[in-house]
Amino acid sequence: MTILIAVLALLALAVVFGALLGFASEKFRVEGDPIVDQIDALLPQTQCGQCGHPGCRPYAEAIAEGEDHNRCPPGGEQTIQDLSDLLGREVLPLDGEADSADVKKVAFIREAECIGCTKCIQACPVDAIVGAARQMHTVIADECTGCDLCVEPCPVDCIDMIEVPPTLTTWGWSRPDGVGKTPERLINVVNLR
Amino acid sequence: MSLLSRLLPRRRFDFHGGIHPPERKALSNGTPIRPGPMPAQLILPLTMHIGAPARPLVQVGDRVLKGEKIAEASGPVSVPVHAPSSGVISAIEPRPIQHPSGLDAPCIVLDTDGEDRWTALHPHPDFRAIPRPELLALIREAGIAGLGGAGFPTAIKLNLRDNQRIEQLILNAVECEPYITADDRLMRERAPALIRGIEILRYLVQPAETIVAIEDNKPEAIAAMRAAAEGTGIRIMTVPTKYPSGGEKQLIRLVTGKEVRSGGIPAEIGVVCQNIGTAYAVERAVVHGEPLIRRITTLTGEAFTQPGNVETLIGTPVQALLEAGGVTQPHRGRLIMGGPMMGFSIDHPMSPVVKTSNCIIAAPLTELPEPAPEQSCIRCGACADVCPAELLPQQLYWYSKAGEFDRARHYNLLDCIECGACSYVCPSNIPLVQYYRYAKAELRKQAAEHQKADRARERFEARTARIEKEKAEKEARRQARLAANRVKQAPDAAAPPAQADLKKAVNDASAAYKTAVKAAKEAEASGADNAVALRAEAERLKAHADALKANLRDAKAAGPAAPAHDDGLPALKKAVADASAAYKAAVKAMKDVEAGGDGDIDALRADTERLKAEADRLKAALRDAKAAAPAVVAAPVQEDPVAALKKAVADASSAYKAAVKAAKEAEASGDGDLDALRAEAERLKPTGSKPNCVTPRRRPRPHHHQPHRQPPRLRPPAMTRSKNATSA
């Protein structure tokens, strides 16, 4: 009799909590995969496709499914580090050559040579090129992510990737050289009259 | 409150840490303020303040007068720029400015004409007569930004919300950094004007108490200010000499004991803090109508043969000041803008003095030697002892050095005021502040990149969505075009087939009639019994043919617009029912003929064949119509045609049986038609399920059709639909 009561009581509890869990899983269901969003937030969003995926989000989905997280040259070491922290994976060296990832570049159209073919406009993943057929095109430098996807399609090779010079708002102090070095800049005023 | 605070000795507060570097103020504080040089060229950067750059109002070649506005504020956090002297605008272009980066920034270059002619000024000696908002606008228009060092637009700091109540207005005259004596000399020489300026600020802020905080190493300035403040209620407070007591948060702590929260502003705790130099600028702007075009700058350092304070025009190149201070001997040393603790080295002697430049130090290497090389941190903790912001400089150093900026931020890196106390005490000569500045810059860069990435993501997603939409629209347009083509074909296809169908029916009917007449004539000629019956049949067929003709006329009149798709199935159903009814009549006629042993069975058979073909078509139409009919419509309708078909099948089998029976009878009677009858029976047998439907054309009895003009007209639409369905 005691055993019966115990079994019934546990059964009742199981039913109640089962129902509760079932209800909660319906009520508080999470749409989509939150880890993909988190990975996507860490990627640089250049949409350059250098990882072999058509954009940053597809790569985020691939990483979530187990692909290596070291295939993002624009993100560089920092992104690999951040992804490793997020995913609890090992820090991997950047896949492929790290081609001066630190230097920010933007596309620049030599406008005199542009023939207005709109091929670069179609290639730009972030709509950062304005222009129309048979009209001169130009790049909105502020929106350009520097993915260089527009360089290849140009039939007259009039697109250059140019470095973005630092401005007063983007300039920042550099890291001191470290132990054994004199840090401050010396200003030579010898030639002052 | 005020009585109590006056009677009781004021409680002394203190802030954590701080250092006592050599002051070296005696170098420059012994001589009165002298007017600065009048350089041949003034260089006016468009960003001398924190916020958006000013927008130039002049063009190259314009002649301007002293005090004329040459650039306007370009946003809420921005201030205008005025011409410090009269002359001609010679360029608007990037020039080297005083900035640690050594980068160029857009500047307006003014070639002075030496006349120094003023524009018309609008003084307001009685500032209390001006409403506060207008007074604030006046201060803003005068281009006043904090003269202490940060250069935050003063009008914004003074513009309080209606519900904000300010307890303390603190005038920062601490001047805690070594070497600098600009505020000291200003207070000694122009105390009455300063008090007027403070009164204006008081009027704007309406504080419960006003405190001028002066470090106790400036006794002359304290005495002068005390004398000038007599009877105004402005409290002159001395604070102990300690660096960095002039930091805004440190001074508030020192004076009131209150602490500004991390990331907060003093107004949140009821305090407004202004530099004493700013008060002077406000006095000049309101009482004299003079915009901010000059300031007191300390020229100091052992390289100057005549150190001291000069009232220099803003935009004066450092080179001109060096000459004015007597730095003529070539020497090797450091040129620093700002104090030795927080200032920075400048590269270019043509950099101009701006609104925030309070000091220029030209020091030979003997005075400010080259710093010793950095050594490893020995974890002595001296930096933590002196940090006025109560941070952990060592931790910040490790994290900044290792590039773990997020952790550095977690240790409140952003609360660092970059005072340099930690670097000053570091026995290993670690340039700690530069590490913090580096980490802060990286954090800023990361934030900017993150923002840019978000925008890029947004744009990418918008583009993807747009492309999807375009694709969908294209597809929709394609479908619409397809549908339009179909509709265009449909009237052509629908009406003619309908009419063709009708025409065929009419032809069939008239052929049947002719055959029937022929059969009747033959029967009459042979004197058969069933001649009457055949004649009657012929009459019926004629009536049917007439009815069909009438329908055809109607259909032609109705034209292509007629189609009424909805009725397709019922019409078909009706046709099927008609067919079965007609079929029965045909069977009966055949029986009659059989009974008479007459020879016109051939004619009947030919008729039946035609009817069979007709029935096949009809059946196909029914099937297609069923397939094409929308499910909703199909459900109720489907049953009926099926039932009708079943019935037709039953009829067909009975017809077959009848035919077989007739054949047997013919056999028995030895009739010559035997073969024909058998063939007929055979035909009826395999096609059993079809012929049933075949008959409809045939049996159409006048009474059946006349009341229902529609069926024939309605059927074609059904067929039309079936065509549509197949073509689609």
Side-chain angles (χ1 to χ4, degrees), chain A residues 37 40-48 54-58 60 74-79 81-82 85 102 104 121-122 124-128 140 142-147 165-193, chain B residues 47 97 99-103 105 303 319 322-323 327-328 330-336 344-347 349 362 365 370-376 400-401 403 428-431 434-442 444-446 448-450 452-457 459-464 466:
Chain A
D37 288 335
D40 196 32
L42 292 177
L43 295 174
Q45 304 300 326
T46 48
Q47 320 292 350
C48 63
C56 291
R57 192 166 182 92
E77 303 289 340
Q78 185 62 42
T79 299
Q81 177 74 47
D82 292 347
D85 288 348
D102 268 359
K104 279 207 93 58
I121 295 178
Q122 290 157 32
C124 181
V126 290
D127 280 340
I140 309 171
D142 281 351
E143 306 293 353
C144 178
T145 63
C147 67
T167 64
L168 287 179
T169 45
T170 59
W171 178 86
W173 289 80
S174 58
R175 187 177 180 279
D177 294 330
V179 173
K181 301 281 167 50
T182 302
E184 310 271 331
R185 281 183 307 151
L186 265 183
I187 302 305
N188 199 338
V189 280
V190 170
N191 45 9
L192 295 183
R193 278 177 277 125
Chain B
T47 36
I97 61 159
H99 191 271
S101 65
L103 291 169
Q319 176 74 63
L322 290 173
E323 284 165 13
V327 184
T328 49
H331 74 283
R332 197 173 143 75
R334 306 176 73 190
L335 183 61
I336 293 174
F344 46 85
S345 300
I346 49 174
D347 306 278
L365 285 178
E370 196 173 335
E374 180 183 336
Q375 305 291 318
S376 298
S400 302
K401 195 173 183 176
S428 292
N429 300 311
I430 301 172
Q434 198 179 335
Y435 276 106
Y436 306 151
R437 284 173 171 168
Y438 158 65
K440 281 183 178 179
E442 286 300 313
R444 253 199 323 272
K445 209 187 284 177
Q446 275 178 20
E449 264 167 28
H450 202 83
K452 193 167 179 193
D454 280 346
R455 215 169 50 214
R457 182 186 298 118
R459 289 178 75 87
F460 176 67
E461 277 164 9
R463 178 175 187 266
T464 316
R466 194 193 68 224

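Every chain is numbered from 1 and lettered A, B, ... according to where its sequence line falls, protein lines coming before strand lines. Every value quoted in this text rests on a predicted model; they were computed, and no experiment measured them.
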S.K.: Sort out for me which of B/Lys401, B/Gln375, B/Glu449, B/Glu442 touches chain A most, counting heavy-atom pairs under 4.5 Å.
M.R.: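 Highest number of pairs under 4.5 Å: B/Lys401.
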S.K.: Are the side chains of B/Tyr438 and A/Ser174 in touch, meaning some heavy atoms are under 4.5 Å apart?
M.R.: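 No. Closest side-chain heavy atoms not under 4.5 Å.
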S.K.: A/Cys144, A/Cys56, A/Cys124: which one forms the most heavy-atom pairs within less than 4.5 Å of chain B?
M.R.: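 Max contact count across the listed options: A/Cys124.
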S.K.: Using atom types as modelled and distance alone, determine if a side-chain donor or acceptor of B/Arg444 lies under 3.5 Å from a backbone N or O of A/Gly172.
M.R.: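 Absent.
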S.K.: Heavy-atom distance under 4.5 Å to chain B: side chain of A/Gln78, backbone, both or neither?
M.R.: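 Only the side chain of A/Gln78 comes within 4.5 Å of chain B.
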S.K.: What residues, two or more places apart in sequence or in another chain, satisfy ring pair (Phe, Tyr, Trp, His ring centres under 6.0 Å) together with B/Phe460?
M.R.: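 Applying ring pair (Phe, Tyr, Trp, His ring centres under 6.0 Å) to B/Phe460 gives none.
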S.K.: For B/Thr464, what residues pass the side-chain hydrogen bond (donor to acceptor under 3.5 Å, both in side chains) criterion, not counting sequence neighbours?
M.R.: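 Residues passing side-chain hydrogen bond (donor to acceptor under 3.5 Å, both in side chains) with B/Thr464: none at all.
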S.K.: Would you confirm whether B/Arg457, through its side chain, and A/Thr46, through its main-chain N or O, come within 3.5 Å as a donor-acceptor pair?
M.R.: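 Not a single qualifying donor-acceptor pair exists.
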S.K.: Is any side-chain heavy atom of B/His99 less than 4.5 Å from a side-chain heavy atom of A/Trp171?
M.R.: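 Yes. Closest side-chain heavy atoms under 4.5 Å.
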S.K.: Tell me the closest heavy-atom pair linking A/Val126 and B/Ala456, and the distance in Å.
M.R.: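 Distance-wise, the nearest heavy atoms are CG1-O, 3.5 Å.
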S.K.: Tell me whether B/Arg463 is salt-bridged to A/Asp127, with the criterion being a basic N under 4.0 Å from an acidic carboxylate O.
M.R.: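 Yes, this pair counts.
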S.K.: For the residue pair B/Ala453 and A/Pro44, what are the closest heavy atoms and their distance?
M.R.: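 Closest approach of B/Ala453 to A/Pro44: CB-O, 3.5 Å.
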S.K.: Answer with side chain, backbone, both or neither: which region of B/Ile336 has an atom nearer than 4.5 Å to a non-hydrogen atom of chain A?
M.R.: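 Neither part.
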S.K.: Ignoring hydrogens, what is the shortest heavy-atom contact between A/Asp142 and B/Arg455? Give both atom names and the distance.
M.R.: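 Smallest heavy-atom distance, with atoms named: O-NH2, 3.3 Å.
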S.K.: Go through the steps for B/Lys445 and A/Thr170 under the test side chain to side chain contact (heavy atoms under 4.5 Å, CB included), then give the verdict.
M.R.: CA-CA 7 Å; B/Lys445 209 187 284 177; A/Thr170 59; over 6 Å; no
S.K.: For A/Val179 and B/Ile430, run side chain to side chain contact (heavy atoms under 4.5 Å, CB included): C-alpha distance rounded to whole Å, both residues' side-chain angles, the deciding distance at 0.1 Å, then the answer.
M.R.: CA-CA 8 Å; A/Val179 173; B/Ile430 301 172; over 6 Å; no
S.K.: Going from CD on B/Gln434 to CG on A/Asp177, what distance comes out if it is rounded to the nearest 0.5 angstrom?
M.R.: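 Interatomic distance, B/Gln434 CD to A/Asp177 CG, rounded to 0.5 Å: 8.0 Å.
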S.K.: With a 4.5 angstrom heavy-atom cut-off, is it the side chain or the backbone of A/Thr167 that approaches chain B, or both, or neither?
M.R.: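 For A/Thr167, backbone heavy atoms alone lie under 4.5 Å from chain B.
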S.K.: Passes side chain to side chain contact (heavy atoms under 4.5 Å, CB included), A/Gln45 versus B/Asp454? Steps please.
M.R.: CA-CA 7 Å; A/Gln45 304 300 326; B/Asp454 280 346; 5.8 Å; no
S.K.: Kindly compute the distance separating NZ (B/Lys452) from OG1 (A/Thr145), expressed to the nearest 0.5 Å.
M.R.: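 Between B/Lys452 NZ and A/Thr145 OG1, I get 7.0 Å after rounding to 0.5 Å.
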